[in-house]
Amino acid sequence: MAVITVSRQYGSGGSAVARLVAEALSWTLIDNDFVDRVAERAGVPRDLVAEQEERAPSLLDRLARALARTSPDVVLAGADVPPPSPVDAEASLVRITQAVIGEAVQHGDVVLVGRGAQAHLAERHDVFHVFVAAPRDVRVNAVVERLGMSLKDAEHAVDETDANRVRYVKTHYGRVWGNPADYHLVVNTAFLGCEGAAAVVVGAARRVLGVPEA
C-alpha cells in the first residue's frame with residue numbers, strides 16, 4: 001500500500017500530471033472525486049467544496065449558511081441555534097476532507113490531488129509528496145488558453161488561487177504550501193511537459209516507495 005500526493009501551482013498542469021502518474025501505475029486517482037465525496041458527506045453544494053481550498057472571502061459565509069441548513073454533523077438542529085462561524089464552518093469541512101483522505105489511504109495505491117493531503121499525511125512514511133510548478137507567465141498563458149480568460153483575469157486567478165492555497169495549508173496545518181523541503185520531488189512542467197513530469201514522478205516514486213514495475 002502506497003500513496004502519492006500531488007500539490008500544484010494553479011495553471012501548472014498538476015492535475016494532468018497526477019492523472020498520467022495514476023495511469024502509469026494503474027493506481028486510483030482522487031482529484032475531482034475529493035470534491036464529490038466531501039460535498040456528499042457534508043451535505044453542501046459541490047461548488048462550495050470545489051472553491052474551499054482556494055476560496056474567495058465571501059465563500060466562508062456561504063459555507064457556514066449551507067452547513068447550518070444541511071449538515072447535522074456540524075450544527076445541532078433547532079431554530080434558536082445560530083449558524084457556525086465562517087472559521088468553524090471551514091474547519092468542519094477540513095475535518096470531513098481529512099476523513100475522506102484517511103479512507104482513501106486505507107485502500108492504498110492512490111494518487112491524491114490537492115486538498116492539503118500532503119500536509120495531512122506529512123508524518124507518514126508510505127507517502128510520496130510531489131509539487132508541480134511552472135513559471136508564472138507560463139501558467140497565466142495556460143489559464144488564458146484553457147479557460148478563455150483575459151490576460152488580466154488570468155493573472156488575478158493565478159495569484160489569488162495560489163495565495164488561498166497558501167492560506168489554507170497555513171491555517172489548518174501550520175505549514176508553508178510550496179516549501180520545497182516538504183516535498184520529495186518538485187517538477188517543472190514548463191521544462192518537462194506534463195508527460196515528462198509524470199515520467200519523472202513515476203520513476204522516483206518507484207524507487208522511494210518500492211513500487212515494482214508493471
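Keep in mind it's a predicted model, so treat the numbers as computed, not measured.
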If Ile, Leu, Val, Met, Phe, Trp and Tyr residues are connected whenever their side-chain heavy atoms lie under 4.5 Å apart, and connections chain through other members, are [X] and [Y] in the same group?
| X | Y | value |
| --- | --- | --- |
| Phe191 | Val187 | no |
| Val138 | Val17 | no |
| Leu185 | Val176 | no |

Locate the shortest heavy-atom distance separating [X] from [Y]; write the atom from each residue and the value.
| X | Y | result |
| --- | --- | --- |
| Gly11 | Val143 | CA-CG2, 4.1 Å |
| Thr189 | Ala197 | CG2-CB, 4.1 Å |
| Val132 | Ser12 | O-OG, 3.3 Å |
| Val140 | Ala154 | O-CB, 3.8 Å |
| Phe128 | Ala205 | CD2-CB, 3.9 Å |
| Val110 | Trp27 | N-CE3, 3.5 Å |

Per side chain to side chain contact (heavy atoms under 4.5 Å, CB included), Gln118 is matched among Asp182, Val127, Val169 by Val169

Identified side chain to side chain contact (heavy atoms under 4.5 Å, CB included) counterpart of Leu25 within the set Ile4, Asp109, Val201: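 Of the listed residues Ile4, Asp109, Val201, the side chain to side chain contact (heavy atoms under 4.5 Å, CB included) partner of Leu25 is Ile4.
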
With a 4.5 Å cut-off on side-chain heavy atoms, are Asn188 and Pro135 touching? yes

Do Val21 and Val6 have side chains that get closer than 4.5 Å, going by heavy atoms? no

Any pair counted as salt bridge (Lys or Arg N to Asp or Glu O under 4.0 Å), so long as it reaches residues 147-158, sequence neighbours left out: none

Quick check: are there more than 12 heavy atoms from other residues, nucleotides or ligands sitting under 6.0 Å from CD of Glu195?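 Counting neighbours around CD of Glu195, 12 or fewer heavy atoms of other residues, nucleotides or ligands fall under 6.0 Å, so no.
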
Which residues pass the side-chain contact (heavy atoms from CB on, under 4.5 Å) test with Ala142, sequence neighbours left out?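 Checked Ala142 against side-chain contact (heavy atoms from CB on, under 4.5 Å); zero matches.
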
State which residues pass side-chain contact (heavy atoms from CB on, under 4.5 Å) with Asp159; sequence neighbours excluded, sorted by chain then number.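 Asp159 satisfies side-chain contact (heavy atoms from CB on, under 4.5 Å) with Arg136 once adjacent residues are dropped.
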
How long is the straight-line distance from [atom2] of [Y] back to [atom1] of [X], given to the nearest 0.5 Å?
| X | Y | atom1 | atom2 | result |
| --- | --- | --- | --- | --- |
| Ser7 | Asn179 | OG | CG | 11.5 Å |
| Glu160 | Arg167 | CD | CZ | 11.0 Å |
| Arg124 | Thr5 | CZ | OG1 | 11.5 Å |
| Tyr173 | Leu121 | OH | CG | 8.0 Å |

Could you go through Val202 and Leu20, starting from their C-alpha distance and side-chain angles, then the distance that decides it, and tell me whether this counts as side chain to side chain contact (heavy atoms under 4.5 Å, CB included)? CA-CA 9 Å; Val202 169; Leu20 291 167; over 6 Å; no

With Asp162 as reference, evaluate Arg8, Gln9, Arg139 under the side-chain hydrogen bond (donor to acceptor under 3.5 Å, both in side chains) test and give the passing residue.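 Testing Asp162 for a side-chain hydrogen bond (donor to acceptor under 3.5 Å, both in side chains) against Arg8, Gln9, Arg139 leaves exactly one candidate, Arg139.
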
In terms of ring plane angle, is the pair His129 and Tyr183 parallel, tilted or perpendicular, where the classes change at 30° and 60°? perpendicular

